[in-house]
Amino acid sequence: MSSVAPHLLLIDRGGGGDLDEVMAVMGSAFDSSFGEAWTRAQCAGILPMAGVTLMVARRDGDAVGFSLARRTLDEAELLLIAVRPDHGRSRIGSALVQRFIADQKAAGAHHLHLEVRDGNPAVQLYRDHGFSVAGRRTSYYRGTNGERFDALTMTLTV
């Protein structure tokens, strides 16, 4: 008889059937005042595209995080990553970033990039995994109150 360790984190490829859980994670993880979250239609629309990968992190069967990436030839972009706030500080974000890097490298990508709001705590997560700031998009994000926030573009060569 085999057993699974309690609270084991599993990260597996997701699809359209996971969108309800993905949207729930995104709704809880993204602060609505920054306008960073994607709509369900945006997520559903990109999933069938070539090179797009949704990874869902589950603990005890419940979705606790996800990442969405797109690869074209030797470049890959981390489009979205989110972890439920009640699972913060549990290294799920780190596991998702590590999985993104490993999967994209295995698929032949050598240039990885992402975009993140300046001031987002995730900037340090990305730095911890070797990404560095390559550029800035001034006033890229618009908050719900009209305030503008810069976006940082970050890159990693693998």
Side-chain angles (χ1 to χ4, degrees), residues 4-15 18-19 21-38 42-43 46-47 49-141 143 149-158:
V4 176
H7 309 299
L8 181 67
L9 181 69
L10 299 174
I11 301 175
D12 288 316
R13 191 170 185 138
D18 298 299
L19 273 181
E21 292 174 299
V22 165
M23 295 310 296
V25 170
M26 188 159 19
S28 69
F30 283 71
D31 184 336
S32 63
S33 63
F34 295 112
E36 298 163 310
W38 286 24
Q42 287 172 310
C43 291
I46 199 167
L47 280 177
M49 293 181 173
V52 172
T53 308
L54 171 65
M55 301 303 291
V56 180
R58 295 183 187 282
R59 184 163 276 154
D60 299 328
D62 294 325
V64 294
F66 74 90
S67 67
L68 183 66
R70 173 178 49 201
R71 183 181 52 80
T72 304
L73 302 174
D74 69 340
E75 292 190 9
E77 180 179 11
L78 182 60
L79 299 168
L80 286 171
I81 187 170
V83 174
R84 279 186 6 205
D86 60 332
H87 286 268
R89 297 287 199 211
S90 59
R91 313 251 336 127
I92 295 169
S94 184
L96 285 163
V97 172
Q98 288 172 351
R99 180 71 183 262
F100 164 71
I101 294 168
D103 286 355
Q104 298 306 324
K105 184 176 178 180
H110 299 289
H111 307 285
L112 309 181
H113 57 99
L114 59 88
E115 179 182 276
V116 61
R117 177 182 42 81
D118 190 14
N120 184 325
V123 171
Q124 188 58 51
L125 169 69
Y126 303 135
R127 286 184 195 278
D128 290 347
H129 288 282
F131 284 85
S132 60
V133 174
R136 175 181 297 272
R137 293 180 177 162
T138 305
S139 299
Y140 184 78
Y141 294 106
F149 303 92
D150 291 354
L152 301 176
T153 56
M154 300 183 77
T155 61
L156 173 66
T157 301
V158 294

(request) Would you please name every residue forming a side chain to side chain donor-acceptor pair (under 3.5 Å) with Asp62, sequence neighbours left out? (result) none
(message) Give me the atom names and distance for the closest heavy-atom approach of Phe66 to Val25.
(response) CD2-CG1, 3.8 Å
(request) Using modelled atom types only, decide if a donor and an acceptor are shared between the side chain of Arg137 and the backbone of Thr153 within a distance under 3.5 Å. (result) no
Give every donor-acceptor pair under 3.5 Å between a side-chain atom in residues 95-102 and any protein atom, sequence neighbours left out.
{"residue": "Arg99", "atom": "NE", "partner": "Asp103", "partner atom": "OD1", "Å": "3.1"}
{"residue": "Arg99", "atom": "NE", "partner": "Asp103", "partner atom": "OD2", "Å": "2.9"}
{"residue": "Arg99", "atom": "NH1", "partner": "Ile11", "partner atom": "O", "Å": "2.8"}

(request) Flag the pair Leu47 / Leu68 as yes when at least one side-chain heavy-atom distance between them is below 4.5 Å, and no otherwise. (result) yes
(message) Just verifying a value: how many Å separate Arg13 CZ and Met55 CE, rounded to the nearest 0.5 Å?
(response) 7.5 Å
(request) Taking all heavy atoms of Phe30 and all of Ala82, pick out the closest pair and write down the distance. (result) CE1-CB, 3.4 Å
(request) Starting from the C-alpha separation in whole Å, work towards a yes-or-no answer on side-chain contact (heavy atoms from CB on, under 4.5 Å) for Tyr126 and Leu152. (result) CA-CA 11 Å; Tyr126 303 135; Leu152 301 176; over 6 Å; no
(message) I need the minimum non-hydrogen distance between Val116 and Ala122, along with the two atoms involved.
(response) CG2-CB, 4.5 Å
(request) Evaluate the side-chain contact (heavy atoms from CB on, under 4.5 Å) criterion for residues Ser132 and Thr155: first the C-alpha distance (whole Å), next the side-chain angles of each, then the deciding distance (0.1 Å), finally the verdict. (result) CA-CA 6 Å; Ser132 60; Thr155 61; 4.2 Å; yes
(message) Please give me the minimum heavy-atom distance between Tyr141 and Phe34, naming the atom from each residue.
(response) CB-O, 3.9 Å
(message) Between Val64 and Ser90, does the side-chain contact (heavy atoms from CB on, under 4.5 Å) criterion hold? Intermediate values first, please.
(response) CA-CA 10 Å; Val64 294; Ser90 59; over 6 Å; no
(message) Rounded at 0.5 Å granularity, tell me how far NE2 in His111 sits from OG1 in Thr157.
(response) 5.5 Å
(message) Please report the interatomic distance CG(Leu54) to SG(Cys43), rounded to the nearest 0.5 Å.
(response) 8.0 Å
(message) Can you pull out every side-chain hydrogen bond (donor to acceptor under 3.5 Å, both in side chains) where at least one residue sits in residues 65-74? Sequence neighbours excluded, please.
(response) Arg70-Glu77
(request) Work out which heavy atom in Ala63 is nearest to a heavy atom in Val56; give both atom names and the distance. (result) CB-CG1, 4.0 Å
(request) Report the C-alpha separation of Ile46 and Trp38 in whole Å, then their side-chain angles, then the decisive distance to 0.1 Å, and conclude whether the side-chain contact (heavy atoms from CB on, under 4.5 Å) test is met. (result) CA-CA 11 Å; Ile46 199 167; Trp38 286 24; 3.9 Å; yes
(request) Provide the closest heavy-atom pair for Leu9 versus Ala57 in the form atom of the first, atom of the second, distance. (result) CD1-CB, 3.9 Å
(request) Nearest 0.5 Å please: distance from the CD atom of Gln104 over to the NE2 atom of His110. (result) 11.5 Å
(message) If I take atom CD from residue Glu115 and atom CG from residue Leu78, how far apart are they, to the nearest 0.5 angstrom?
(response) 11.0 Å
(request) Using modelled atom types only, decide if a donor and an acceptor are shared between the side chain of Asp150 and the backbone of Ser139 within a distance under 3.5 Å. (result) yes
(request) State the CD1-CG distance between Ile81 and Leu114, to the nearest 0.5 angstrom. (result) 9.0 Å
(request) Could you tell me which residues satisfy side chain to side chain donor-acceptor pair (under 3.5 Å) with Asn120, sequence neighbours excluded, listed by chain and number? (result) none
(message) Check this for me: Tyr140, atom OH, are more than 12 non-hydrogen atoms of other residues, nucleotides or ligands nearer than 6.0 Å?
(response) no
(request) Could I get the full list of side chain to side chain donor-acceptor pair (under 3.5 Å) partners for His129, not counting sequence neighbours? (result) Ser94
(message) So, using side chain to side chain donor-acceptor pair (under 3.5 Å) as the criterion, who are the partners of Arg117 when residues are at least two apart?
(response) Glu36
